[in-house]
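Quick one: the structure is below, questions incoming.
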Amino acid sequence: FYLAIYMTIAVIAYSFVLEKWTIIDSLYFAVATFTTCGYGDLEPTTVPGQLFTIVFAIYGVVILGVFIAIFGSFISEYQTKAMRRFQRKKQSQMM
């Protein structure tokens, strides 16, 4: 959900308000910024575009961090449950 909002903001800001890029260029730049790759082939040329990109990039890293935390929590919980099942099975075999 947040990724869709992020991409929508990128298209509106870079295609229609700040830089007048194509929609594809805006999406491409958003993905490169979101994944922190930053290829450097597209860059904002206006001061408002550059200032917006600073906030936009930080917001993207925060979204990525939250996603990684949620995914990591899911994996950790799954592993904990699997270990409990394994320990119960092991204990029942010992009896």
Side-chain angles (χ1 to χ4, degrees):
F1 176 72
Y2 291 111
L3 185 58
I5 291 173
Y6 187 80
M7 295 300 196
T8 303
I9 290 170
V11 168
I12 292 170
Y14 294 116
S15 293
F16 302 109
V17 179
L18 300 170
E19 299 295 327
K20 308 300 185 215
W21 291 345
T22 65
I23 292 174
I24 296 297
D25 282 347
S26 297
L27 291 172
Y28 171 76
F29 183 77
V31 170
T33 303
F34 178 77
T35 58
T36 67
C37 291
Y39 296 115
D41 52 349
L42 279 177
E43 58 186 41
T45 55
T46 63
V47 172
Q50 293 168 347
L51 293 173
F52 175 77
T53 300
I54 292 169
V55 175
F56 187 67
I58 292 170
Y59 179 64
V61 170
V62 168
I63 291 173
L64 188 60
V66 168
F67 172 75
I68 290 171
I70 291 169
F71 188 70
S73 176
F74 174 76
I75 289 174
S76 177
E77 186 177 322
Y78 180 79
Q79 184 178 6
T80 301
K81 288 179 182 179
M83 288 299 294
R84 286 184 187 149
R85 283 192 306 263
F86 176 75
Q87 288 172 349
R88 277 187 248 139
K89 185 177 179 180
K90 188 176 178 181
Q91 286 176 351
S92 68
Q93 288 176 352
M94 293 178 77
M95 292 182 182

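These numbers come from the heavy atoms of this one structure, side chains and all, not from hydrogens, waters or symmetry mates. All values derive from a computational prediction rather than experimental measurement. The first residue in the sequence is number 1, and the count goes up from there.
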* Residue pair Val31 / Leu27, side-chain heavy-atom distance below 4.5 Å ->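 No, their side chains stay 4.5 Å or more apart.
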* Asked: Hey, quick one: are Ile9 and Ile24 part of the same hydrophobic cluster, counting side-chain heavy atoms closer than 4.5 Å, chains of contacts allowed?
  ->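 In one cluster with Ile9: Ile24, no.
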* To do: Using salt bridge (charged side-chain N to carboxylate O under 4.0 Å, His left out) as the criterion, list what pairs up with Lys89, not counting sequence neighbours.
  =>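 Checked Lys89 against salt bridge (charged side-chain N to carboxylate O under 4.0 Å, His left out); zero matches.
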* Asked: Minimum heavy-atom separation for Ala10 to Ser26, with atom names?
  ->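 So the minimum-distance heavy-atom pair works out to O-CB, 3.8 Å.
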* To do: Specify the closest pair of heavy atoms between Ala30 and Met7, including all atoms of both residues, with the distance to one decimal.
  =>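 Nearest heavy atoms, Ala30 then Met7: CB-SD, 3.6 Å.
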* With a 4.5 Å heavy-atom cut-off, do Leu51 and Val47 have their side chains touching? ->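 Touching, per the 4.5 Å side-chain cut-off.
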* Asked: Taking Thr8 for the side chain and Ala4 for the main chain, is one N or O donor matched with an acceptor at less than 3.5 Å?
  ->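 Yes, because the side chain of Thr8 sits within donor-acceptor range (under 3.5 Å) of the backbone of Ala4.
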* Side-chain heavy atoms under 4.5 angstrom apart, residues restricted to Ile, Leu, Val, Met, Phe, Trp, Tyr: same cluster for Val62 and Phe52? ->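 No; Phe52 is not reachable from Val62 via cluster members.
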* Nearest heavy-atom neighbours spanning Leu42 and Asp25 ->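 Looking at all heavy atoms of both residues, the closest pair is CD1-O, 3.5 Å.
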* Asked: How are the rings of Tyr28 and Tyr39 set relative to one another: parallel (under 30°), tilted (30 to 60°) or perpendicular (over 60°)?
  ->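 Parallel: the ring planes of Tyr28 and Tyr39 meet at under 30°.
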* Asked: What orientation do Phe56 and Tyr14 show, parallel under 30°, tilted 30 to 60°, or perpendicular over 60°?
  ->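 Answer is perpendicular, since the angle exceeds 60°.
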* Evaluate the criterion side-chain contact (heavy atoms from CB on, under 4.5 Å) for residue pair Ile63 and Phe67; output intermediate values, then yes/no. => CA-CA 6 Å; Ile63 291 173; Phe67 172 75; 5.5 Å; no
* Are any of the side-chain heavy atoms of Val11 and Phe16 separated by less than 4.5 Å? ->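 When only atoms from C-beta onward are counted, Phe16 and Val11 do touch, with a gap below 4.5 Å.
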* Asked: Taking the side chain as C-beta and beyond, is there a heavy-atom pair between Phe34 and Leu3 under 4.5 Å?
  ->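 Phe34 reaches Leu3 side chain to side chain.
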* Asked: Going by the salt bridge (charged side-chain N to carboxylate O under 4.0 Å, His left out) test, which pairs reach into residues 45-71, not counting sequence neighbours?
  ->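 Checked against salt bridge (charged side-chain N to carboxylate O under 4.0 Å, His left out) - neighbours excluded - no pair reaches residues 45-71.
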* Enter the distance from Met83:CE to Arg88:CZ here, rounded to the nearest 0.5 Å. =>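 The distance works out to 12.0 Å.
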* For the hydrophobic clusters of this structure (ILVMFWY residues joined by side-chain heavy atoms under 4.5 Å, transitively), does one cluster hold both Ile12 and Ile5? ->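 Yes, Ile12 and Ile5 fall within the same hydrophobic cluster.
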* To do: Measure the CZ-CD distance between Phe86 and Gln91 for me, rounded to the nearest 0.5 Å.
  =>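 Answer for the CZ-CD pair, Phe86 versus Gln91, is 11.0 Å.
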* Locate the shortest heavy-atom distance separating Gln50 from Pro44; write the atom from each residue and the value. =>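 Taking every non-hydrogen atom into account, NE2-O, 3.3 Å.
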* To do: Measure the shortest side-chain to side-chain distance between Thr80 and Arg84 over non-hydrogen atoms and say whether it is less than 4.5 angstrom.
  =>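 Side-chain contact under 4.5 Å: yes.
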* Under a single-linkage definition using a 4.5 Å side-chain heavy-atom cutoff for Ile, Leu, Val, Met, Phe, Trp and Tyr, are Tyr59 and Phe1 assigned to the same hydrophobic cluster? ->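 Cluster IDs for Tyr59 and Phe1 match.
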* Asked: Less than 4.5 Å apart, any side-chain heavy atom of Phe29 and any of Thr53?
  ->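 Yes, side chains in contact.
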* **Flag side-chain contact, heavy atom, 4.5 Å: Thr33 against Tyr6** =>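 Yes, close enough: below the 4.5 Å cut-off.
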* To do: Check whether any side-chain N or O of Ser15 sits under 3.5 Å from a backbone N or O of Trp21 as a donor-acceptor pair, and report yes or no.
  =>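 Yes, Ser15 side chain to Trp21 backbone: donor-acceptor pair under 3.5 Å.
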* How long is the span from the CG atom in Leu64 to the OG1 atom in Thr35, to the nearest 0.5 Å? ->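 Rounded to the nearest 0.5 Å, the CG-OG1 separation comes out at 8.0 Å.
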